[in-house]
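None of the values given here were measured: they were computed from a predicted structure. For the single chain, residues carry numbers from 1 onward in sequence order.
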Amino acid sequence: GLATTRSMPLTNLGAAFLSLNHLEGAENAFASAIRNEPENTGSMIGLAQAPIEKNKELAWKWCQRAYELRPKKIKCPQSCGIGRDEDPPS
């Protein structure tokens with residue numbers, strides 16, 4: 001279906017940037033989506049995936065926040081692209 005929130009186009013833009021490996025654009029789009037809709041778990045997962053290689057602690061933060069908001073929908077860490085056997089950074 002079509003997006004019903006104002007932040008969804010930004011989430012979609014972030015996903016497009018992420019698929020092209022344009023991490024800065026993805027991070028900016030996902031962050032903008034969250035500013036417009038603070039409970040946008042799709043963008044939180046996107047923010048978890050975008051910086052995963054350079055900042056796993058930040059990736060876990062966004063994944064955990066999305067899980068707190070939607071525990072039945074979000075499967076951490078798998079939804080965030082983090083390995084199943086990895087422990088959160090301490």
CD of E39 to OG of S7, rounded to nearest 0.5 Å, is 11.0 Å
> Going only through I, L, V, M, F, W and Y residues with side-chain contacts under 4.5 Å, is there a path from L18 to L13?
Replying inline: no
Minimal heavy-atom distance between T11 and A33, with the atoms involved, is OG1-CB, 3.6 Å
Check whether any side-chain heavy atom of L69 sits under 4.5 Å from a side-chain heavy atom of M44, and report yes or no.
yes
Is F30 close to L10 at the side-chain level, that is, under 4.5 Å between some pair of heavy atoms? no
Report task. Report yes or no: does S43 contribute a side-chain atom to a donor-acceptor pair with the main-chain N or O of N40 at less than 3.5 Å? Result -> no
So CD1 of I34 and CZ of R65: to nearest 0.5 Å the spacing works out to 9.5 Å
dist L23:CG -> F17:CZ (nearest 0.5 Å) comes out at 11.0 Å
